[in-house]
Asks: 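The structure follows.
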2 protein chains.
Amino acid sequence: MNDNFLNYDVSNYRTPDGYTSDIAVFTIISTEVGQYKPPEKTLKIMLIKRTEKTKEGHSNLEGGKWALPGGFIKPEETAYEAAVRELSEETGITGLRIKHFGVYDQFGRDKRGWIISNAHYAIVPENKLVKRRAADDASEVELFSMDEVFQLDLAFDHKQIIEEALWFIKKDMSLTTVAKNFLPKQFVLSELQGVLLTVMDEPWLKLDAQFFRKAPSLPFIEKVVKDGVPQKTNRWSKNKAQLYRFNDFEPYVSIYNAKY
Amino acid sequence: MNDNFLNYDVSNYRTPDGYTSDIAVFTIISTEVGQYKPPEKTLKIMLIKRTEKTKEGHSNLEGGKWALPGGFIKPEETAYEAAVRELSEETGITGLRIKHFGVYDQFGRDKRGWIISNAHYAIVPENKLVKRRAADDASEVELFSMDEVFQLDLAFDHKQIIEEALWFIKKDMSLTTVAKNFLPKQFVLSELQGVLLTVMDEPWLKLDAQFFRKAPSLPFIEKVVKDGVPQKTNRWSKNKAQLYRFNDFEPYVSIYNAKY
DNA sequence: ATAACAATTAACGAATTGTTAATTTAAAAA
DNA sequence: TTTTTAAATTAACAATTCGTTAATTGTTAT
């Protein structure tokens, strides 16, 4: 960095008091609804409870409220890298799809000053969340359904951030193959349908007859075949069902040639 | 703002040296290609040439290079508001669709220090750009085609920003009705096709037979009818063509019920 | 007149959709 | 063992939409 430049150019402007990264961690949890039935799936978000006191013993800003995991960004890292780091620090989870979706920079959103937050969302398969653990400045970690989360008194502007994260994840689910991040490598059509229905509510998805007729020919999934034998499972049903996996096909859609 | 909080919480962290907003202003210019022919349309981006010297007479960082319009954000405004303000200051244009699309916060991207930039793009109809003017810290304003812009030696990481802006605008054009921001209120199908082709290259769009058969039934456009009489124009052709306008329908598409 | 040409309509086989019904399969109940 | 049950899968079919080629219309230029 060149102090020469800093002197006359930057110092004319007030600089932000902080730069933070928040992460909305989504998962879909399955609840058994009966034997030989596909389990019911619900979208949940992971929040941490802010401690009442800081490590130094001062009363913590927005202490006691539920908040998105996150924290201050270090100058040598980007907001994205900070999101990856913090998610790992606070939950022990690595190697996930993390995506930036918004900037929250309204003055006054954080009493500590002019604090800019970059918001990200992450999608975690259920099984990875078992080993989650609370971090230094979080006393508790918990999963909330979308119904529950909007009842809570959330810290800062996190309610708004979560609403927008939800909107983004719905959009992503409709337009990309993110659904694969909620599913095991090999899955059955009813599992895919269950995941999609947690965030989308297109009528044809709910109609089994339509979904099961069309889904097998979706270009971005394929039947799992081993030595010419289609692989099946009876994980969720008496009758064995075909296993599918996502392939590398990147679907592209446009409103100009869609069906309405 | 509460100094009590600032003391122990924020000051533990280094804060950014600056917070800026950049805007990629896109327009589509029409060039006459012959009488009674729809004009050819080309996507262009507006850049400003950075002055060699600052107002104070110092040599300007990245002076002489082409750059995206933009500047430092004031604490009382959001990055989005700054984008609106700067676009108005630097081009005199207001009332446009401006959208945030990315954060550029890699340390070292700006020699002046740890400077975070929020990037936005704007879509300007050709006719609004006529009254564009250079602003205080810009000596020149010019439009470049996508081919031209990537030949230039651009300031900072603006090449990357423009590449990503282009990607976003393509996506937006496919999934939303932004195309309307490039078109007059009332337009003809070939104009719509021309606009779409500047950024999309789906084969069926190029095939007139397919485009002109399907387009009239797109749910988000409608024929302009006055007193029961369909309105037509011979702006671009000998034979009068039906005028269309966008309506309020918000198209929704998904990869799970698209055609492939 | 008539040739040219974009816009528009017509026509038609092929493919896809929405829907209902039938079949398969294996566990559970009788 | 036989029957029942429920999900997965296939079959069937009319209605719709698609991709394509051909014909028609309206206006200008020759």
Side-chain angles (χ1 to χ4, degrees), chain A residues 30 32-41 186-194 196-197 202-219 221-225 229-244 251 253-260, chain B residues 30 32-41 186-194 196-197 202-219 221-225 229-244 251 253-260:
Chain A
S30 304
E32 294 295 334
V33 64
Q35 221 184 353
Y36 304 115
K37 269 190 166 32
E40 209 173 274
K41 293 180 183 286
Q186 303 191 349
F187 56 90
V188 142
L189 290 187
S190 65
E191 292 181 284
L192 174 60
Q193 186 190 28
L196 297 179
L197 283 176
E202 294 173 78
W204 80 273
L205 269 180
K206 291 179 200 153
L207 288 173
D208 291 3
Q210 276 183 58
F211 181 75
F212 287 101
R213 188 168 66 76
K214 168 125 192 183
S217 63
L218 289 172
I221 62 173
E222 59 191 23
K223 292 184 181 181
V224 179
V225 178
V229 185
Q231 299 298 98
K232 306 198 171 198
T233 181
N234 55 355
R235 230 182 309 184
W236 308 120
S237 63
K238 299 170 187 170
N239 192 355
K240 283 186 182 163
Q242 176 66 52
L243 284 167
Y244 289 81
V253 288
S254 126
I255 59 171
Y256 292 97
N257 67 349
K259 285 183 301 274
Y260 292 99
Chain B
S30 305
E32 295 296 332
V33 64
Q35 220 184 356
Y36 304 116
K37 271 190 164 31
E40 209 173 274
K41 292 181 182 286
Q186 304 191 350
F187 56 90
V188 142
L189 291 186
S190 65
E191 292 180 284
L192 174 60
Q193 186 190 29
L196 296 179
L197 283 175
E202 294 172 78
W204 80 274
L205 269 180
K206 291 178 201 152
L207 288 171
D208 291 2
Q210 276 183 60
F211 181 76
F212 286 101
R213 187 169 66 77
K214 169 123 190 185
S217 63
L218 289 172
I221 62 173
E222 57 191 26
K223 292 185 182 180
V224 179
V225 179
V229 186
Q231 299 298 99
K232 307 198 171 199
T233 182
N234 55 356
R235 230 182 309 185
W236 309 119
S237 61
K238 298 168 188 169
N239 194 353
K240 281 185 183 164
Q242 176 65 51
L243 283 167
Y244 288 81
V253 288
S254 128
I255 59 169
Y256 293 97
N257 68 350
K259 285 185 301 275
Y260 293 100

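Values below: every heavy atom of this structure, side chains too, minus hydrogens, waters and symmetry copies. Chain letters run A, B, ... following the sequence lines, proteins first and then strands; every chain starts at 1.
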Asks: To the nearest Å, give me how far apart CG (A/Leu218) and C1' (C/dT16) are.
Replies: 13 Å
Asks: Output the single nucleotide from C/dA6, D/dT20, D/dT9 whose closest atom is nearest the side chain of B/Leu207.
Replies: D/dT20
Asks: Would you kindly check whether a donor in the side chain of B/Arg213 faces an acceptor in the base of D/dT20, or vice versa, at under 3.5 angstrom?
Replies: yes
Asks: With nearest nucleotide decided by heavy atoms, which residue, B/Lys240 or A/Ser217, maps closer to the 5′ end of DNA chain C?
Replies: B/Lys240
Asks: State whether the number of non-hydrogen atoms from other residues, nucleotides or ligands found under 6.0 Å of B/Glu222 atom CD is greater than 12.
Replies: yes
Asks: Distance criterion of 3.5 Å, no angle test: do you see the side chain of B/Asn239 paired donor-to-acceptor with the base of D/dT27?
Replies: no
Asks: Phosphate oxygens OP1/OP2 of D/dC18: is one of them under 4.0 Å from a side-chain N or O of B/Lys259?
Replies: yes
Asks: Looking at C/dA4, C/dA7, C/dA6, which one has an atom nearest to any side-chain atom of B/Lys37?
Replies: C/dA6
Asks: If the cut-off is 4.0 Å, is A/Gln242 near the phosphate of D/dT9, judged by side-chain N/O to OP1 or OP2?
Replies: no
Asks: Starting at the 5' end of DNA chain C and moving along, which residue's nearest nucleotide shows up first, B/Phe212 or B/Ala258?
Replies: B/Phe212
Asks: For B/Ser237 and C/dC5, is the shortest distance between a side-chain N/O and OP1 or OP2 below 4.0 Å?
Replies: no
Asks: More than 12 heavy atoms of other residues, nucleotides or ligands under 6.0 Å from NZ of A/Lys240: is that the case?
Replies: no
Asks: When the distance from CG of A/Leu205 to P of C/dG18 is rounded to whole Å, what number comes out?
Replies: 11 Å
Asks: Nearest whole angstrom, please: distance from the P of D/dT25 to the NZ of B/Lys232.
Replies: 13 Å
Asks: Would you say the side-chain atoms of B/Gln210 and A/Asn257 include a donor-acceptor pair closer than 3.5 Å?
Replies: no
Asks: What integer distance in Å separates B/Glu191:CD from C/dA6:P?
Replies: 16 Å
Asks: If you draw a 6.0 Å radius around CD in B/Gln186, do more than 12 non-hydrogen atoms from other residues or ligands fall strictly inside?
Replies: yes
Asks: Would a distance-only check, ignoring hydrogens and angles, find a side-chain to backbone donor-acceptor pair under 3.5 Å from B/Gln242 to B/Val224?
Replies: yes
Asks: With a 4.0 Å cutoff (strictly under), does any side-chain N or O of A/Gln210 reach OP1 or OP2 of C/dT19?
Replies: yes
Asks: State whether B/Lys214 places a side-chain N or O below 4.0 Å from either non-bridging phosphate oxygen (OP1 or OP2) of D/dC18.
Replies: yes
Asks: Taking any heavy-atom pair under 4.0 Å as a contact, classify B/Ala209: base, sugar-phosphate, or nothing.
Replies: base
Asks: Rounded off to whole Å, could you give me the CZ-to-P distance for the A/Phe211 and C/dT16 pair?
Replies: 18 Å
Asks: Starting at atom NZ of B/Lys206, determine the distance to atom C1' of D/dT20, rounded to an integer number of angstrom.
Replies: 18 Å
Asks: Please state how far atom OH in B/Tyr256 lies from atom C1' in C/dG18, giving the value in whole angstrom units.
Replies: 21 Å
Asks: From CG of A/Asp208 over to P of D/dT10, roughly how many Å is that when rounded to an integer?
Replies: 15 Å
